[in-house]
Amino acid sequence: MLEKFRRAKEAEIHVLRQMAADETLPKPLSMQRPSLRRALLSRGPGAVIAEYKRASPSKGLINAAWTPRQAAEGYARAGAAALSVLTEEVHFQGSLDFLPVMAEPGLPVLRKDFLLHPLQVLQTAATPASALLLIARMLTLAELEAMLVACRDHGLEAVVEVFDTTDLAKAKAAAASIIQVNNRDLDKLTTGLRISEELIEHRASGEVWISASGMHSAEDMRRMQGVGYDGLLIGTRLMQETDPGIALTKLLEEMNGA
Ligand SMILES: O=C(O)c1ccccc1NCC(=O)[C@H](O)[C@H](O)COP(=O)(O)O
């Protein structure tokens, strides 16, 4: 699955290389980006990162009717601590153009894509995203370190995603400070929260941890909050509703026992 995503990115990276050579790459925005780390830590464990995802490999088309503007406003109103936006076009029907709209309410925005080259970090810095996703399994340790340096140079936070202890060892060797455990099995496209429970035992002080994928209920959210996750990243459960903002309001009320 990850190899398929890598191939889909090759042409895009080629174009970015050409733009860099022609000096036509958009310039990084000089702006104060709201911090994802701070937004999660200030809410205490269980802060929600609400995702805008129109389609996915596991579900096909999920929701093409809800616009990025409705998502940004609806999720912010519902009490999301941060927003996650799929920008990958081929498999998730995402777009880089969603980022400025999603950043308008002022919440930190995480760019979710398959990012393999420092020029993609530069490309992200030309948007108002606060953070971007790096998938440990798709990068060698040296590549991951180079991507983290590029993020620091451009004032972006990096969320390093892991699926198992091997990925986690790589993330820690690269000194990643925001670690995201993905609960999705990429071969079977099934989800299960057990891996989040197992991996958080390796948490070190100063690290921010996010559990991502496969949370379907307030009970699932409380389970991840209970083992100490700072952030809970939720996509499908919200996007499959006609109004994902209202769905998040209800889930948060239920989670907090209101
Ligand atoms: O969502 C998928 O089907 C998927 C398949 C293969 C690789 C990545 C995939 N999703 C990216 C994500 O990280 C999720 O969108 C995110 O964690 C939210 O998951 P969920 O709440 O289960 O939609």
Side-chain angles (χ1 to χ4, degrees), residues 1-9 36 40 46-64 66 68 71 75 78 80-95 98-99 102 109-116 129 131-139 158-164 167 171 178-196 199 208-225 229-241 244-245 247-248 250-252 255:
M1 181 60 77
L2 292 179
E3 274 316 303
K4 196 163 96 178
F5 295 140
R6 182 192 297 282
R7 281 196 297 277
K9 285 283 134 182
L36 175 65
L40 297 182
V48 169
I49 305 172
E51 185 158 277
Y52 185 67
K53 172 166 80 165
R54 287 183 166 181
S56 74
S58 51
K59 297 280 178 224
L61 184 64
I62 304 171
N63 186 340
W66 216 45
Y75 282 153
L83 306 175
S84 164
V85 181
L86 262 303
T87 59
E88 199 278 341
E89 296 180 5
V90 179
H91 304 281
F92 294 88
Q93 294 196 16
S95 165
F98 296 163
L99 293 172
M102 295 291 295
V109 172
L110 166 65
R111 177 186 180 195
K112 292 273 290 285
D113 209 315
F114 301 97
L115 304 177
L116 307 163
L132 53 72
L133 184 79
L134 300 176
I135 300 176
R137 195 170 285 186
M138 295 187 84
L139 300 162
V159 172
V160 178
E161 183 165 86
V162 304
F163 291 88
D164 60 17
D167 294 344
I178 308 180
I179 292 176
Q180 174 163 301
V181 180
N182 197 324
N183 300 308
R184 182 167 276 109
D185 178 323
L186 290 188
D187 294 324
K188 301 184 193 125
L189 292 182
T190 53
T191 56
L193 305 184
R194 188 81 199 104
I195 189 67
S196 272
L199 293 189
V208 168
W209 278 58
I210 299 166
S211 176
S213 306
M215 275 164 272
H216 304 295
S217 62
E219 194 187 329
D220 288 341
M221 292 161 73
R222 274 197 299 264
R223 184 171 157 194
M224 293 296 97
Q225 182 187 38
Y229 278 91
D230 304 294
L232 315 179
L233 194 150
I234 307 175
T236 309
R237 171 64 184 82
L238 303 173
M239 287 299 296
Q240 68 192 5
E241 302 285 338
L248 178 57
K250 286 187 187 152
L251 269 181
L252 282 172
M255 178 187 170

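First listed ligand is number 1; within each ligand, the first listed atom is number 1. Side chains included, hydrogens not; waters and symmetry mates left out as well; all remaining heavy atoms used.
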Chemist: Below a 4.0 angstrom heavy-atom separation, can you tell me which part of His91, side chain or backbone, both or neither, approaches ligand 1?
Modeler: neither
Chemist: Is any NZ, NE, NH1 or NH2 atom of the basic residue among Arg237 and Asp220 found under 4.0 Å from an Asp or Glu carboxylate oxygen of the other?
Modeler: no
Chemist: Please state which protein non-hydrogen atom is closest to atom 6 (C) of ligand 1 and give its distance, to 0.1 Å?
Modeler: Leu186 CD2, 3.5 Å
Chemist: Can you report which non-hydrogen protein atom sits closest to atom 1 (O) of ligand 1, along with the distance?
Modeler: Lys53 NZ, 2.8 Å
Chemist: What are the atoms of ligand 1, with element, lying closer than 4.0 Å to any heavy atom of Thr236?
Modeler: 20 (P), 21 (O), 22 (O), 23 (O)
Chemist: Do the rings of His91 and Phe5 sit parallel, tilted or perpendicular, given the 30° and 60° boundaries?
Modeler: perpendicular
Chemist: For ligand 1, is there an N or O atom under 3.5 Å from any N or O atom of Gly214?
Modeler: yes
Chemist: Tell me whether Ser213 has any N or O atom under 3.5 angstrom from an N or O of ligand 1.
Modeler: yes
Chemist: Take the angle between the ring planes of Phe98 and Tyr52 and call it parallel below 30°, perpendicular above 60°, tilted in between.
Modeler: perpendicular
Chemist: Find all atoms of ligand 1 within a distance of less than 4.0 Å from any non-hydrogen atom belonging to Ser58, and give their numbers and elements.
Modeler: 1 (O), 2 (C), 3 (O)
Chemist: At less than 4.0 angstrom from any non-hydrogen atom of Ala212, what atoms of ligand 1 do you find?
Modeler: 17 (O)
Chemist: With a heavy-atom distance limit of 4.0 Å, tell me whether Thr191 approaches ligand 1 through its side chain, its backbone, both, or neither.
Modeler: neither
Chemist: Without hydrogens or angle criteria, can the side chains of Asn182 and Ser213 be said to hold a donor-acceptor pair below 3.5 Å?
Modeler: yes
Chemist: Does a side-chain N-to-carboxylate-O contact under 4.0 Å join Arg6 and Glu3?
Modeler: yes
Chemist: Under the side-chain contact (heavy atoms from CB on, under 4.5 Å) test, which residues partner Glu89, sequence neighbours left out?
Modeler: none
Chemist: Which atoms of ligand 1 have any heavy atom of Asn182 under 4.0 Å away?
Modeler: 13 (O)
Chemist: Quick one, Val48 and Leu252 - any side-chain contact, counting heavy atoms below 4.5 Å?
Modeler: yes
Chemist: Among protein heavy atoms, which lies nearest atom 9 (C) of ligand 1, and at what distance?
Modeler: Phe92 CZ, 3.6 Å
Chemist: Out of Glu51, Met215, Lys112, Met239, who is nearest to atom 18 (C) of ligand 1 when you count heavy atoms only?
Modeler: Glu51
Chemist: Taking Ile178 as the fixed residue, which of Ile210, Val160, Leu133 is the one that meets the side chain to side chain contact (heavy atoms under 4.5 Å, CB included) rule?
Modeler: Ile210
Chemist: Quick check for you: to the nearest 0.5 Å, what is the distance between Thr87 atom OG1 and Asp113 atom CG?
Modeler: 3.5 Å
Chemist: Does anything in residues 183-195 form a salt bridge (Lys or Arg N to Asp or Glu O under 4.0 Å)? List the pairs, not counting sequence neighbours.
Modeler: Asp185-Lys188, Arg194-Glu197, Arg194-Glu198
Chemist: Which protein heavy atom lies closest to atom 22 (O) of ligand 1, and at what distance to 0.1 Å?
Modeler: Arg184 NH2, 2.7 Å
Chemist: Provide the number and element of each atom of ligand 1 under 4.0 Å from a heavy atom of Leu233.
Modeler: 16 (C), 17 (O), 18 (C)
Chemist: Please could you name the atoms of ligand 1 that Ile234 approaches to less than 4.0 Å, counting only its heavy atoms?
Modeler: 21 (O)
Chemist: For ligand 1 and Gly235, I'd like to know whether there is a polar contact (N/O to N/O, distance under 3.5 Å).
Modeler: yes
Chemist: Using a strict cut-off of less than 4.0 Å between a Lys/Arg side-chain nitrogen and an Asp/Glu carboxylate oxygen, indicate whether Glu51 and Lys112 qualify as a salt bridge.
Modeler: yes
Chemist: Against heavy atoms of Phe5, which atoms of ligand 1 measure under 4.0 Å?
Modeler: 6 (C), 7 (C)
